[in-house]
Amino acid sequence: MSSNQTTNFCSVYGPVSSWRYGRSLGIDPIGTVSTCSFNCVYCQLGEIEVKTGDRAIYVPTEKILEDLKAFAPWDVDVITLSGSGEPTLALNLKEILQEIKQLTHRPLSVLTNATTLNDPDVCEALTFADRISVKLDAVSDDQLRRVSRPHPPISLDQLWQGIVRFRQQYRGEVGIQTMLLTPWDEATQAEYIRRMQELQPDEIQLNTPTRPKPLKHEFEGRGDHSNASDRPYPVRVLKQVSPEVLHAFARKIQDRTGILVRCAPTPAGVSG
Ligand code: SF4
């Protein structure tokens with residue numbers, strides 16, 4: 001058993017309702033100790049406990065398969081690797097994806113912060129997924145340091161090179177997920193649009209925080225705790241942009257790039 005597990009740990013959770021992908025069964029290849037190469041200011045897990053870019057087997061593949069069998073017949077639209085940190089830090093990522101596909105025959109999706117996309121082993125493992133959602137919340141080093149807070153440090157150039165190379169090689173669907181906490185100025189918007197023109201993702205998803213951030217690591221943050229009654233722990237309300245700002249930026253990106261842009265439903269109930 002890896003150090004990231006306790007005896008009661010279940011590596012499968014949900015299904016949760018995804019505004020974009022329908023019913024999604026979550027797979028957590030990281031475990032009970034939140035572990036990530038970012039420490040995003042809005043992270044629903046709370047403050048990341050282990051900030052690292054080291055890949056390791058955090059949850060054995062056999063444990064994930066055993067947990068997953070209890071959810072048969074997997075009546076969901078997608079199975080998503082996400083969970084308690086950055087899923088591509090799992091050294092057994094390729095084996096996990098292969099085995100889940102073989103067992104369930106469901107579409108597989110992976111959420112990533114892109115910090116590992118310069119690693120050929122990670123890119124090869126991801127070819128076994130049908131869809132990759134890449135987080136990109138910054139278009140400058142300063143923004144990256146303030147919002148994503150990478151550890152170990154990575155420059156925006158390094159991050160971007162990995163994303164572009166991955167996009168060129170990968171045959172599945174690539175979505176870019178971007179979180180706005182405050183409205184972006186004209187120059188930042190223009191730089192984002194320029195990068196999207198270069199990258200040509202299949203779609204862009206714009207979000208603003210809809211849930212408050214736990215003050216410390218809350219394991220249950222990996223699921224969908226949109227209702228206050230589901231959160232018996234202290235939280236901090238995050239800054240967010242209005243639906244009007246989110247939708248105006250979405251329209252601008254779509255007009256200039258021709259790429260489909262979707263907005264997450266906001267607390268006011270407006271969806272893209
Ligand atoms: S990349 Fe995801 S798991 Fe990591 S800190 Fe950011 S929001 Fe949390």
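Ligands are counted one by one from 1 in listed order, and the atoms in each one are counted from 1 as well. Sequential numbering from 1 along the given sequence is applied to the chain's residues.
If you number the atoms of ligand 1 from 1 as listed, the ones under 4.0 Å from a heavy atom of Asn39 come out as 5 (S). Here is the list of ligand 1 atoms found below 4.0 Å of a heavy atom in Asn113: 1 (S). For ligand 1, the atoms sitting less than 4.0 Å from at least one non-hydrogen atom of Ile48 are 5 (S), numbered in the order shown with element in parentheses.
A salt bridge links Arg146 to Asp142: at least one charged side-chain nitrogen sits closer than 4.0 Å to a carboxylate oxygen. A salt bridge links Asp67 and Lys63; the closest N-O separation between the charged side-chain nitrogens and carboxylate oxygens is under 4.0 Å. Ion pair Asp202/Arg167 flagged as a salt bridge, since at least one NZ, NE, NH1 or NH2 atom sits closer than 4.0 Å to an Asp/Glu carboxylate oxygen.
With hydrogens and angles ignored, the 3.5 Å screen pairs a side-chain donor or acceptor of Arg55 with a backbone N or O of Ala90. In terms of modelled atom types and a separation under 3.5 Å, the side chain of Arg23 and the main chain of Asp75 share a donor-acceptor contact.
For atom 6 (Fe) of ligand 1, the N/O/S atoms of Cys43 include none lying under 2.8 Å.
For Gln44, no heavy-atom contact with ligand 1 is shorter than 4.0 Å. Contacts with ligand 1 closer than 4.0 Å are made by side-chain heavy atoms of Cys36 only, the backbone lying farther away.
Lys135 counts as a contact of ligand 1, since one of its heavy atoms falls under 4.0 Å from the ligand.
Atom 5 (S) of ligand 1 has as its closest protein heavy atom Cys40 N, 3.2 Å.
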Step-by-step side-chain hydrogen bond (donor to acceptor under 3.5 Å, both in side chains) determination, Gln240 to Thr210: CA-CA 8 Å; Gln240 55 181 222; Thr210 54; over 6 Å; no

